[in-house]
Amino acid sequence: MRRRRPDARSRALVRQIAAWCLHYPDPELARRMGLLRESLGEIAGTDPAQHLRRILDHLARTPAQEAEQHYVEVFDVSPRRGLYLTWYVHGDTRLRGGALAELAGLYRSHGYRVGGGELPDYLPALLEFSAAERREGERLLGRFRPAIEVLHRKLDELGTPYAAAVRAVLDVVPQQRERDAVPAQPPTEQVGLQPFSLTLQEGRR
């Protein structure tokens, strides 16, 4: 049976659900599981819904400590599977510092402030921003599509259910005519980057 294509509202919902699925599996995520499953009903019949159901099933059936350990092994052991997208393009170089500053400025320009100690290129934060600011968010994610594709490939090779969450994201990220290449080996210049705090919160002035 042919699946329907998500409209703009459904794409935003996919990004919001995926953002939560890609967060560290803490008690707050556990409390939201029922709402996330209920939200899948709004995008039923789409490929992203099928992918997101896989990661939600994993989170629901996996004991908390085991889920936390798996998350760390997937995303924190190696930057090659990390959720920080500018690393795939710039590595730990001065260019990456500029890209991070640009993202932080973009959030501020749309009336958001960031908190939580994460960097602004953290994929769940980008997804949350793009769910709220649909047009600008889709443009931003389109710029990072090559990095998201690399991340998906690495996760798929590992065989983790988190690959399905990133696949759902790719299903709602537009293709860009001009794509920034992702180098096979990111630069390694160390510059001591200071982290931006990242959890998006409304901070309209």
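Scope of the values below: all heavy atoms of this structure, side chains included, with no hydrogens, waters or symmetry mates.
Taking CD of Gln50 as the reference point, atom CG of Leu40 lies at 11.5 Å (rounded to 0.5 Å). The CG atom of Asp26 lies 8.0 Å from the CD atom of Glu68; values are rounded to the nearest 0.5 Å. With rounding to the nearest 0.5 Å, the separation of CG in Leu36 from CH2 in Trp20 is 8.0 Å. The CG atom of Leu151 sits 11.0 Å away from the CH2 atom of Trp87 when rounded to the nearest 0.5 Å. For the atom pair Arg153 CZ and Ile148 CD1, the distance stands at 13.0 Å (nearest 0.5 Å). A distance of 12.0 Å separates CG in Leu35 from CZ in Arg37, rounded to the nearest 0.5 Å.
The minimum heavy-atom distance linking Leu52 with Ala165 is given by the pair CD2-CA, 4.4 Å. Annotation for Glu42 and Ser10: closest pair O-OG, 4.3 Å, computed over non-hydrogen atoms. Nearest heavy atom pair, residue Ile17 against residue Ser39, reads CD1-CB, 3.8 Å. Smallest separation of non-hydrogen atoms from Arg80 and Tyr88: O-OH, 3.4 Å. Residues Leu56 and Met33 come closest through the heavy atom pair O-CE, 3.4 Å. Across all their heavy atoms, Cys21 and Ile55 have their closest contact at SG-CG2, 3.7 Å.
For the pair Ser130/Leu140, no side-chain contact is recorded, criterion being any heavy-atom separation below 4.5 Å from C-beta on. Using a 4.5 Å heavy-atom cutoff, the side chains of Leu103 and Phe129 are not in contact.
Judged purely by distance below 3.5 Å, without hydrogens or angles, the side chains of Glu73 and Gln69 pair a donor atom with an acceptor atom. Between the side chains of His70 and Gln65, no donor-acceptor pair is found at a separation under 3.5 Å.
Under a 3.5 Å cut-off, the side chain of Thr46 and the backbone N or O of Ala49 do form a donor-acceptor pair. Side-chain atoms of Arg81 come within 3.5 Å of backbone N or O of Val74 as a donor-acceptor pair. Side-chain atoms of Thr62 never come within 3.5 Å of backbone atoms of Leu59 as a donor-acceptor pair (strictly under, hydrogens ignored). Using modelled atom types, one side-chain atom of Asp121 and one backbone atom of Thr86 make a donor-acceptor pair closer than 3.5 Å.
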Kindly indicate, with the supporting measurements, whether the criterion side chain to side chain contact (heavy atoms under 4.5 Å, CB included) is fulfilled by Leu127 and Gln16.
CA-CA 6 Å; Leu127 292 171; Gln16 185 62 68; over 6 Å; no
Check against side chain to side chain contact (heavy atoms under 4.5 Å, CB included), Phe144 and Val173
CA-CA 9 Å; Phe144 281 106; Val173 172; over 6 Å; no
Stepwise side-chain hydrogen bond (donor to acceptor under 3.5 Å, both in side chains) check, His152 with Glu157
CA-CA 9 Å; His152 175 258; Glu157 290 171 353; over 6 Å; no
Pair Leu141-Val172, side chain to side chain contact (heavy atoms under 4.5 Å, CB included): steps then yes or no
CA-CA 9 Å; Leu141 286 174; Val172 294; over 6 Å; no
Before giving the answer on side chain to side chain contact (heavy atoms under 4.5 Å, CB included), spell out for Leu22 and Tyr122 the whole-Å C-alpha distance, their side-chain angles and the decisive distance to 0.1 Å.
CA-CA 10 Å; Leu22 290 166; Tyr122 181 55; over 6 Å; no
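A distance below 6.0 Å separates the ring centres of Tyr71 and Tyr24.
Between Asp171 and Arg15, no side-chain nitrogen of the basic residue sits less than 4.0 Å from a carboxylate oxygen of the acidic one, so the salt-bridge criterion is not met. With salt bridges taken as basic N to acidic carboxylate O contacts below 4.0 Å, one links Glu149 and Arg145. Using a 4.0 Å cut-off between a side-chain N of Lys or Arg and a carboxylate O of Asp or Glu, Glu138 and Arg134 do not qualify as a salt bridge. Glu102 has a carboxylate O that lies under 4.0 Å from a charged side-chain N of Arg143, or vice versa, which qualifies the two as a salt bridge.
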